[in-house]
Amino acid sequence: MKIAFVGKGGSGKTTLSSLFIRHLATTRAPVVAVDADINQHLGAALGLDETEAAALPAMGAHLPLIKDYLRGENPRITSADTMIKTTPPGEGSRLLRIDEDNPVYDACARTVRLGDGAVRLMATGPFTESDLGVACYHSKVGAVELCLNHLVDGRGEFVVVDMTAGSDSFASGLFTRFDMTFLVAEPTRKSIAVYRQYKEYARDFDVALRVVGNKVQGPEDLAFLRAEVGDDLLVTVGHSDWVRAMEKGRPARFEELEEPNRAALRTLHAAVDASYDRRDWQRYTRQMVHFHLKNAQSWGNAKTGADLAAQVDPAFALDEFARGAAAATPAPA
């Protein structure tokens, strides 16, 4: 199951996504956590110190390896250089699975122990000095989109992505890659404005969107959110001494998180599980192809010097039973 956390900067989406990741870890489910925000804070929210968080490998820096591995033996992709962030899989492509070992995870993921459980943590990587003034952050997030395009996941397996703040997520087709999108909203006009913008953009693509109210301090805050977002409001989260201690670098055992907040996490988990029954892999594949053709025409063909529309395999549909290149195919060096 693929889950995104989005929202206005400062709304608490990184904190909420980290709490949900910790909750999933207690169930011993296979989890891949991805920090796709321009401000890379998910590692710290999961308990890494500054040195450990800074040492996380940047997915963007390993993009050539990611492309070469995913390309596999797909005859429609002549070289890794012709792959862009939206390149869809086809016959012969290698597919990623959450609970497996592969060169992409070896290069880009690190295991984070969370109590008695563990998750794989990946990060797009922060802006560097060489990026300033010349690079677009969405080129870094492209590594995440490419991996999700080639991901085969099932019930009880989870990818949780902490997305970049605001409506920047719509600069690519990444926002359509999820079974469930949780929009974290404070009871403020600015936060509601982000919700309305996100809902408007997402409506045409059947994005499953639920609102998690954060920093809700009383009945007036709750009434405000209910009036503004209606039935999209799934659950609310209030003040947490446990979170405050975590943000100071002194977290207690996760089992000591306040019961109302633990109940809220269980509600999120139930909503994700319910979304499994609404999965439509055909729609997922169509949207993947839609954004690929759009990007190819807009800039991809010119950048690569290739006709990227030819990469689309009309006979291929991604689903839980899809198979990539034969396991005997050697991985790139």
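Every heavy atom of this structure was used, including side-chain atoms; hydrogens, water molecules and symmetry mates were not.
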Would you check if [X] and [Y] make a side-chain contact, meaning some heavy-atom pair closer than 4.5 Å?
{"X": "Val229", "Y": "Ile192", "answer": "yes"}
{"X": "His150", "Y": "Arg71", "answer": "no"}
{"X": "Val119", "Y": "Val32", "answer": "no"}
{"X": "Ser191", "Y": "Thr188", "answer": "yes"}
{"X": "Pro187", "Y": "Leu225", "answer": "yes"}
{"X": "Leu148", "Y": "Leu174", "answer": "yes"}
{"X": "Cys147", "Y": "Val104", "answer": "yes"}
{"X": "Glu258", "Y": "His239", "answer": "no"}

If I compare all heavy atoms of [X] with all of [Y], which pair ends up nearest, and what's the gap?
{"X": "Leu42", "Y": "Ser17", "result": "CD1-OG, 3.8 Å"}
{"X": "Ile98", "Y": "Val31", "result": "CG2-N, 4.4 Å"}
{"X": "Tyr69", "Y": "Asn102", "result": "OH-CB, 3.7 Å"}
{"X": "Ala45", "Y": "Arg22", "result": "O-NH2, 3.1 Å"}
{"X": "Leu151", "Y": "Leu318", "result": "O-CD2, 3.6 Å"}
{"X": "Ala107", "Y": "His62", "result": "O-NE2, 3.6 Å"}

Could you point out which residue of Phe291, Tyr284, Phe178 forms a ring-ring contact (aromatic ring centres under 6.0 Å, His included) with Phe205?
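The single option meeting the ring-ring contact (aromatic ring centres under 6.0 Å, His included) with Phe205 is Phe291.
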
Taking the basic N atoms (NZ, or NE/NH1/NH2) and the acidic carboxylate oxygens, is any pair closer than 4.0 Å for [X] and [Y]?
{"X": "Asp162", "Y": "Lys13", "result": "yes"}
{"X": "Glu320", "Y": "Arg279", "result": "yes"}
{"X": "Asp179", "Y": "Arg155", "result": "no"}
{"X": "Glu259", "Y": "Arg266", "result": "yes"}
{"X": "Arg196", "Y": "Glu228", "result": "yes"}

Consider only side-chain N and O atoms of Asp280 and Gln282, and report whether a donor and an acceptor are under 3.5 Å apart.
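Not at all, the side chains of Asp280 and Gln282 share no donor-acceptor pair under 3.5 Å.
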
For Ser93 and Glu73, does a side-chain donor sit closer than 3.5 Å to a side-chain acceptor?
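Ser93 vs Glu73: no donor-acceptor pair found between side chains.
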
Could you walk me through whether Met122 and Asp35 pass the side-chain contact (heavy atoms from CB on, under 4.5 Å) test, one step at a time?
CA-CA 6 Å; Met122 304 171 74; Asp35 192 343; over 6 Å; no

Just to verify, what does Arg253 make a side-chain contact (heavy atoms from CB on, under 4.5 Å) with, not counting sequence neighbours?
Glu255, Glu256

Quick one: OG1 on Thr86 to NE2 on His290, what's the gap to the nearest 0.5 Å?
10.5 Å

Apply side-chain contact (heavy atoms from CB on, under 4.5 Å) to residues Met1 and Val159 and explain how you reach the verdict.
CA-CA 6 Å; Met1 308 298 293; Val159 175; over 6 Å; no

Side chain to side chain contact (heavy atoms under 4.5 Å, CB included) partner of Val235, chosen from Asn261, Val211, Val212, Val216:
Val212

Working note: Lys85 + His292, criterion side-chain contact (heavy atoms from CB on, under 4.5 Å); need CA distance, chi angles, decisive distance, verdict.
CA-CA 8 Å; Lys85 63 182 181 179; His292 180 62; over 6 Å; no

Expected output: side-chain Thr267 to main-chain Ala263 donor-acceptor under 3.5 Å:
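At least one qualifying donor-acceptor pair exists.
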
Verify, without hydrogens or angle tests, whether Thr82 (side chain) and Ile77 (backbone) share a donor-acceptor contact under 3.5 angstrom.
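Absent.
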
Within 45° of the ring axis of Phe254 and under 6.0 Å from its six-membered ring centre, is that where the NZ or CZ of Arg262 lies?
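Yes, cation above the ring, under 6.0 Å and within 45°.
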
Under the salt bridge (charged side-chain N to carboxylate O under 4.0 Å, His left out) rule, what pairs show up with a residue in residues 230-251, not counting sequence neighbours?
Lys199-Asp232

Ring-plane angle category for Phe182 and Phe20, please: parallel below 30°, perpendicular beyond 60°, tilted otherwise.
perpendicular

Side chain to side chain donor-acceptor pair (under 3.5 Å) contacts touching residues 208-227 (sequence neighbours left out)
Glu186-Lys215

Between Phe158 and His269 (judged by ring centroids, cut-off 6.0 Å), do the two rings come close enough to count as a pair?
yes

